[in-house]
Student: 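This is the structure, below, for whatever I ask next.
Lettering of chains follows the sequences in order, A, B, ..., and the numbering in each one begins at 1.
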Amino acid sequence: MASHNLNISENVLSWYDRHRRHLPWRAAPGAQADPYLVWLSEIMLQQTTVATVKTYFEFFLKTWPRVTDLAAAPLDDVLHAWQGLGYYARARNLHKCAKVIATEHDGRFPNNESDLLGLPGIGPYTAAAIAAIAFGQKASPVDGNIERVVARLYAISEPLPKSKPKIVEMAQSLTPDKRVGDYAQALMDIGATICTPKKPSCSLCPLSDSCKATSTAVPEDFPAREPKKQKPTRRGTAFWLVNSEGEILLRRRPEKGLLGGMIEVPSSDWREGKNSLKKAFDEAPLTAAWEKMPGKVRHTFTHFHLEIEVVSGTCSADQSIDGIWCRQTEFHQHALPTIMKKIVAHALKHTQ
DNA sequence: TATACGTGGTT
DNA sequence: TAACCAAGTAT
């Protein structure tokens, strides 16, 4: 068993030496990776593709070259730089973590899995990934790629997430003692490029000789998953309020929860069931002669669909209202999540 | 253990 | 087109 696993890890590392991709956060072959770059990339890569992350990563690194620079930045700047990347709690925790590193750890990341695990935004996967990739500590990060590779390798039929502990255990038993960072990245690369969710390229896979799913089943059937729940649809009304200076009212969302800390076009609560403009007006930032714009803005979040109706209204410039009065040319200065960019685009299209 | 939490690309 | 899912974490 042990020698068999050794054979597998050697095949994986040999594949990596031949197919290693250059990514902006990766060190040159044999060189020590920078913990700041590894951490930053790992947080961005949570539930996010490499292609999407690249430009954000470059921008963050250019803007905040060291973790202490990031720690010194205002949270709103970090959220602004994160806009469009999603899961905004990651940006809030990223900033919180940077401040902890700067103030309590002398600007240096802890070099072991258990201390890393105690930091904001760092869970079991990320702690293991940083320990292995940045510090060469033996650890077994298990992300969605490695989950899939291992589930196929052993043809694990029990569905996720129940099978997760078993998969982690198998992943740990496969982890070699040397080149643990390269090994972890290799397994993830194999999952991302060969052992793909659909139409895997088993003929190119360095694990195919050992893969139980390849020899006895259909690889695409793994990993098994519990059936997904259907997404409900929530509906709401957004208020496009223009003052006599031609400025639009925006406001900052509460610090916690959905799109926490991000900037929004003021809107009613989003609830399941039919949207009632009449009821929505009670939640408007002020009483105005609201006029409904044609059409709806649609967006899908992780756990619900959203339909927004946009209404427009006007008020005088000296109205004292809680929020940010913003010229159209200044929208880009604010941390607008994608749904809000859609609402802005919709409103501009209908206010010409 | 289950749910909240974004977005964009692929099929 | 609707579903799937991508280097998960917090609560």
Student: Taking DNA chain B as the partner, which of residues 293-302 of chain A come within under 4.0 angstrom of it by heavy atom?
Tutor: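 When residues 293-302 of chain A is checked for heavy atoms under 4.0 Å from DNA chain B, the hits, listed by number, are A/His299, A/Thr300, A/Phe301, A/Thr302.
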Student: Under 4.0 Å between any heavy atoms, over every strand shown, what does A/Lys231 touch: base, sugar-phosphate, or nothing? Just pick one.
Tutor: nothing
Student: Using the six-membered ring wherever Trp is involved, compare the ring planes of A/Phe109 and A/Trp39 and label them parallel, tilted or perpendicular (cut-offs 30° and 60°).
Tutor: tilted
Student: Could you check which of B/dA4, B/dG8, C/dA10 has an atom nearest any side-chain atom of A/Thr338?
Tutor: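 The closest nucleotide is B/dG8.
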Student: Is A/Glu255 salt-bridged to A/Lys96, cutoff N-O under 4.0 Å?
Tutor: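 Looking at A/Glu255 and A/Lys96, the cut-off is not met.
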Student: Base, sugar-phosphate, or nothing: which does A/Val50 touch, judged by heavy atoms less than 4.0 Å apart?
Tutor: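 Here A/Val50 touches the bases of the nucleic acid.
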Student: Take atom P in B/dG8 and the same atom in C/dT9, then report the distance between them in whole Å.
Tutor: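 Each nucleotide's P atom is 22 Å from the other's.
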Student: Please pick, from C/dA7, C/dG8, B/dG6, the nucleotide with the shortest atom-to-atom distance to any side-chain atom of A/Gln46.
Tutor: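 Selected nucleotide (nearest to the side chain): C/dG8.
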Student: Which residues within residues 250-263 of chain A lie with some heavy atom under 4.0 Å of an atom in DNA chain B?
Tutor: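 Output list: A/Gly257, A/Leu258, A/Leu259.
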Student: Sequence neighbours left out, what passes salt bridge (Lys or Arg N to Asp or Glu O under 4.0 Å) with A/Arg251? Give chain and number order.
Tutor: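 Partners of A/Arg251 by the salt bridge (Lys or Arg N to Asp or Glu O under 4.0 Å) criterion, ordered by chain and then number, come out as A/Glu264.
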Student: How is A/Arg148 classified with respect to the nucleic acid when contacts are heavy atoms under 4.0 Å: base, sugar-phosphate, or nothing?
Tutor: sugar-phosphate
Student: Over all strands shown, is A/Leu85 touching base, sugar-phosphate only, or nothing at heavy-atom distances under 4.0 angstrom?
Tutor: base
Student: Figure out the CH2/C1' separation between A/Trp82 and B/dC5, and round it to whole Å.
Tutor: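 The distance from CH2 of A/Trp82 to C1' of B/dC5 comes to 13 Å, rounded to the nearest Å.
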Student: Quick check for you: among B/dC5, C/dA7, B/dA2, whose closest atom lies nearest to any side-chain atom of A/Trp25?
Tutor: C/dA7
